[in-house]
Structures are given as C-alpha cells and as structure tokens.
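These notes concern the structure reproduced below.
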Protein chains: 2
Amino acid sequence: MPIEMMIRKLRLHSELVQDDLSALRSIVTPVKYFPQDAVIVREGDISTQSCVLMSGFAYRSKVSEHGKRQILSFHIAGDMPDLQGLLLKKMDHDLTTLSPAQVGFMSHLALRRVIAARPSLGLALWRETLLDSVTFRQWIVNLGTRTAAGRVAYLIAELHQRLGTMGLVKDEQFSFPVTQSKLAEALGLSIVHINRVLQSFRAQGVLDFRKQVVTLRDIEKIVELGGFDDGSL
Amino acid sequence: MPIEMMIRKLRLHSELVQDDLSALRSIVTPVKYFPQDAVIVREGDISTQSCVLMSGFAYRSKVSEHGKRQILSFHIAGDMPDLQGLLLKKMDHDLTTLSPAQVGFMSHLALRRVIAARPSLGLALWRETLLDSVTFRQWIVNLGTRTAAGRVAYLIAELHQRLGTMGLVKDEQFSFPVTQSKLAEALGLSIVHINRVLQSFRAQGVLDFRKQVVTLRDIEKIVELGGFDDGSL
DNA sequence: CGGTGACTTGAGCTTTGTCAATCGAAGTGG
DNA sequence: CCACTTCGATTGACAAAGCTCAAGTCACCG
C-alpha cells in the first residue's frame with residue numbers, strides 16, 4: 001500500500017483527520033513505475049501536477065552555467081519533492097530517480113480544489129514545503145562550514161534519521177543507491193576525494209558504503225564528525 | 001510609508017485584490033526600530049509572530065556544532081524572513097539585523113485568522129515561503145559549485161537584482177552594510193580570502209566594495225563570474 | 001571476449017585556510 | 001586634545017585540503 005508512505009509522513013508533522021487524508025488519497029493517480037535515472041520533472045517545465053514518491057529514491061539537481069551539476073537533496077518514500085510547483089509554476093531544478101521508483105501524481109487542479117475545501121490540509125502541505133526549506137538550510141550549513149569528511153558524515157546521519165522515521169533502517173543499515181560521482185555532486189567535492197573519504201571511514205570503522213548499502217559502524221563518531229542535530233521541530 | 005515595501009514585494013509574485021492587502025496591512029503592528037546587530041529572533045525560540053522588514057537589512061544564520069556560523073541569507077526591505085514560523089513553531093536559525101532596521105510584526109493568531117478568511121492571501125504567503133526556498137537552492141549551487149570569486153560575484157549579482165526590483169539601486173550602486181567577516185560566513189570562505197577576492201575585483205575594475213557600498217563596474221563580468229541567472233519564475 | 005561504468009590509486013598542483021602582524025578609523029575616558 | 005582601546009581591513013609567509021590528470025582495476029553485460 002505505497003500511498004500510505006505519504007500519509008505516514010504527513011502525519012508525522014500535522015494533525016489531520018481521516019476525512020482530510022481520504023480526500024488527499026482520492027486525488028492521487030495510480031502509481032507509475034519509473035526506472036533508475038529517469039527524469040520525473042525537468043528544470044524549466046511548467047508543472048501541472050506534483051508527485052509523491054511511494055517507494056525508491058530520487059534527487060533534485062540544478063546545473064550551474066559552468067556545466068557543473070549540484071544535487072540539492074535526496075528523497076525517499078513519502079516525500080513530495082515537487083510540491084512547490086503548485087504555486088511556482090516554472091520548475092527551477094530537475095527531479096530524477098536514483099533507483100527504480102513508484103510515483104503517484106496529484107494534478108494541481110485537484111490539489112487546489114481539495115485545499116480550498118479543507119484548509120487544514122492546505123496548511124499541512126504548506127508545512128511540508130517548509131520542512132523542505134529546513135533541510136535546504138541545513139544543507140547550506142553543511143556545505144559552508146564542514147570539511148569533506150564532515151559533509152559525508154552529515155549526509156549519512158541525515159538520511160539515517162529520515163529513513164529511520166519511515167521504517168527503512170534495519171540493523172543500522174540502509175539502502176542508498178547512489179554512485180560516488182553523485183555523492184560528489186551533492187557535497188560539492190570531487191569524485192576522487194569522496195572516494196578517499198569513504199575509504200578512510202571504512203578503514204577507521206566509522207561506516208561502510210558498499211554495493212549501494214550503508215552500514216553504520218560507529219554512530220557516535222558519525223554524529224560527531226557530521227555534527228548532525230536531529231533538530232526536532 | 002514603509003509598510004508598502006511588503007505590499008510591493010507581495011504583488012510582484014501574486015495577484016491580490018485591495019481587500020487582501022488591506023486585511024494584511026491591518027494586522028501589522030506599528031513599526032519597531034532595531035539597532036544594528038540586534039537579534040530579532042533566535043534559534044530555538046517558539047515563534048508567535050512573524051516579521052516584515054520595512055527598511056534596512058537583516059540576515060539569517062545558524063551555527064554548526066563546531067561553533068562555526070553560517071549565514072543563510074540576506075534580507076532587504078519587503079522581506080518576511082521568518083514567515084515559516086507560522087507553521088514551524090520552533091525557529092531553526094537566528095534572524096539578526098545587519099543595519100538599523102524598521103520591522104513590523106504580525107501575530108500568528110491574526111495571520112491565521114486573516115488567511116482563513118482570505119484563502120488567496122494564504123496562497124500568496126505560501127508562495128513567498130516557496131520563493132525563499134528557491135533562493136536557498138541557488139545558494140546551495142553557489143556554495144557547491146563555484147570558486148571563491150564566483151561566489152562573491154553571485155552574491156552581489158543576486159543582491160543587485162533583488163534590490164533593483166525594490167527600487168534600491170541607483171547608478172549601479174547600492175548599500176550593503178556587511179563586514180568582510182560576515183561575507184566570509186555567508187560564502188563559506190575565510191576572511192583573508194574574501195579580502196583578497198575583493199581586492200582583485202577592485203583591481204580588475206569588476207566591482208568596488210567600500211564603506212558598506214557596492215559599486216558595480218563591469219556587470220557583464222560579474223554575471224559571467226557568478227553565473228547569475230535571474231531565473232524568472 | 002570486448003566494452004562500459006564505477007571505483008581506486010598515485011603524483012603534482014591550486015585554491016583556500018591559518019597564523020601573526022600591522023594599519024587605520026572611530027570611540028572613550030581623562 | 002591625547003593616550004588607549006577596539007574593530008575591521010590588509011599583508012606576508014606558510015600549511016593544508018581538496019582538485020586534476022592519468023592510469024589501472026574490477027564487476028557486469030551483451
């Protein structure tokens with residue numbers, strides 16, 4: 001029942017009554033399946049619908065004129081990574097799958113209708129977009145203040161926390177189907193350097209990143225390096 | 001009539017009728033005057049009101065556990081830098097004045113009342129918070145993909161554009177009351193390095209940054225270095 | 001079996017940071 | 001008005017983090 005992932009996430013932050021939830025459920029299209037590395041929405045597109053990631057991973061990215069690409073955020077089941085399109089018609093970045101993914105869509109027309117009828121739902125969705133902002137702000141701090149090792153550790157800690165609340169972590173281990181090259185694009189580092197950081201983490205028994213699976217070996221150390229702050233809101 | 005700055009900015013992005021605008025005006029408290037470097041809201045505070053910057057400059061910042069501070073964004077007249085507090089009760093960052101500033105406040109109670117009565121106003125405010133996000137995303141690209149000189153150039157180009165739409169640029173010159181140390185905190189660079197970049201810009205006749213005033217001398221070059229993209233939404 | 005994509009490794013180099021000192025303007029108390 | 005302090009800007013010398021280039025390895029796939 002993949003659609004429940006979205007509901008689950010929404011309920012983490014907002015109090016919604018059953019009627020709100022079923023109104024929302026009712027406008028989500030049947031799930032579509034996307035392969036790995038498929039573009040869901042492209043920068044410049046005029047969006048007429050927003051999506052919900054039901055399973056799998058996705059990421060948002062933007063290329064700077066220099067041709068360098070920056071990954072802005074990673075997304076997991078339950079996320080609505082292009083909800084902002086509801087009010088900002090023109091996409092300012094790309095949204096791409098990182099793994100095969102199940103995606104549901106909600107047309108903006110239907111969303112507006114449902115929000116007008118149920119203001120509390122509108123507020124809950126607004127809040128979701130604000131939480132998105134919080135993550136971006138943390139990301140800025142990450143890029144601006146931390147060394148390479150700190151950035152990697154932070155990213156892992158953040159994902160660990162988010163996947164944890166969605167029940168996607170088992171035995172301090174989770175799937176994260178990303179290449180080192182994408183990690184580099186996310187963290188503003190070179191591939192070579194990412195590789196070296198990961199190796200040193202492995203050697204020091206901090207964490208292991210192999211075959212798309214992350215294994216946390218020394219959480220204390222990771223949190224210390226990455227200075228991750230759960231930041232309960 | 002400083003409150004008109006807010007209205008002016010809102011109307012840039014949303015169509016609002018006079019009644020919406022006057023409803024909003026009516027809940028803004030009389031302006032308060034803040035000196036330079038005064039904290040308006042602090043990380044961890046539970047916010048019960050949001051502010052509107054009527055004149056002057058402010059910035060948002062966050063300290064990473066390492067004690068290093070990161071400036072997240074700069075704000076100018078018309079901005080509502082802590083609007084997200086309406087739905088995210090706990091502040092995740094500080095808001096501080098960069099210069100003496102006039103600030104109006106809107107209590108969250110009143111805001112919620114007015115939004116409930118006028119959904120279009122709610123959407124306009126939601127959109128404002130989304131524009132905030134856009135800026136953060138650009139900032140991530142800035143930190144992640146550009147060299148020191150590019151980052152500085154980008155920041156200047158962004159400010160130039162934003163101040164321009166608010167009518168605060170004259171003769172390709174604008175006031176930006178920031179120290180080099182704060183620039184360093186915003187751009188994730190050391191003070192010394194910022195100083196060198198500014199000097200080289202001055203020497204090359206790209207731009208001049210003296211006594212809190214920025215003078216653009218070669219806009220082409222600035223846009224090229226910073227790769228600024230107006231990104232009309 | 002050859003090809004492709006991801007990961008690894010080494011060497012040398014560039015950008016940026018650190019440390020330490022100096023300078024200059026503005027403000028303060030005497 | 002002068003000595004003194006303070007804060008921000010500036011400079012030089014040196015160190016470090018991270019980048020680029022280039023080559024090689026390894027697993028997988030047609």
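Chain A is the first sequence line, chain B the second, and so forth, proteins listed ahead of strands; every chain is numbered from 1.
- Neither OP1 nor OP2 of D/dG8 sits under 4.0 Å from any side-chain N or O of B/Gln212.
- Atom P of nucleotide C/dG17 and atom CD of B/Glu185 are separated by 13 Å, given to the nearest angstrom.
- Side-chain proximity of B/Arg202 to the nucleotides C/dT9, C/dT16, D/dT10 is greatest for D/dT10.
- A donor-acceptor pair under 3.5 Å is formed between the side chain of A/Thr97 and the backbone N or O of A/Asp37.
- For B/Gln199, a side-chain nitrogen or oxygen approaches OP1 or OP2 of D/dT11 to under 4.0 Å.
- Looking at heavy-atom distances under 4.0 Å, A/Thr179 makes contact with sugar-phosphate atoms alone, never a base.
- If you check C/dT16, D/dT10, C/dG17 against the side chain of B/Gln180, the one that comes closest is D/dT10.
- For B/Arg60 and B/Asp132, the salt-bridge test passes: some basic side-chain N is under 4.0 Å from an acidic carboxylate O.
- Atoms CZ (B/Phe176) and C1' (D/dG8) sit 16 Å apart, rounded to a whole Å.
- The listed nucleotides are C/dT16, C/dT8, C/dT18; the one nearest the side chain of B/Arg196 is C/dT18.
- Using modelled atom types, no side-chain atom of A/Ser99 and backbone atom of A/Gly56 make a donor-acceptor pair closer than 3.5 Å.
- Atom CD1 in A/Ile194 sits roughly 10 Å away from atom P in D/dG18 (whole-Å rounding).
- As judged by a 4.0 angstrom heavy-atom cut-off over every strand, A/Leu189 is placed among residues touching the sugar-phosphate backbone only.
- Between B/Asn195 and D/dA9 there is no side-chain polar atom (N or O) within less than 4.0 angstrom of OP1 or OP2.
- Note on A/Gly150: nothing from the nucleic acid sits closer than 4.0 angstrom, heavy atoms only.
- When the nearest nucleotides of DNA chain C are assigned to B/Val197 and B/Val192 by heavy-atom distance, the more 5′-ward of the two goes with B/Val197.
- Between B/Phe176 and B/Phe74, the ring planes lie perpendicular to each other; the angle is over 60°, past the 30° to 60° tilted range.
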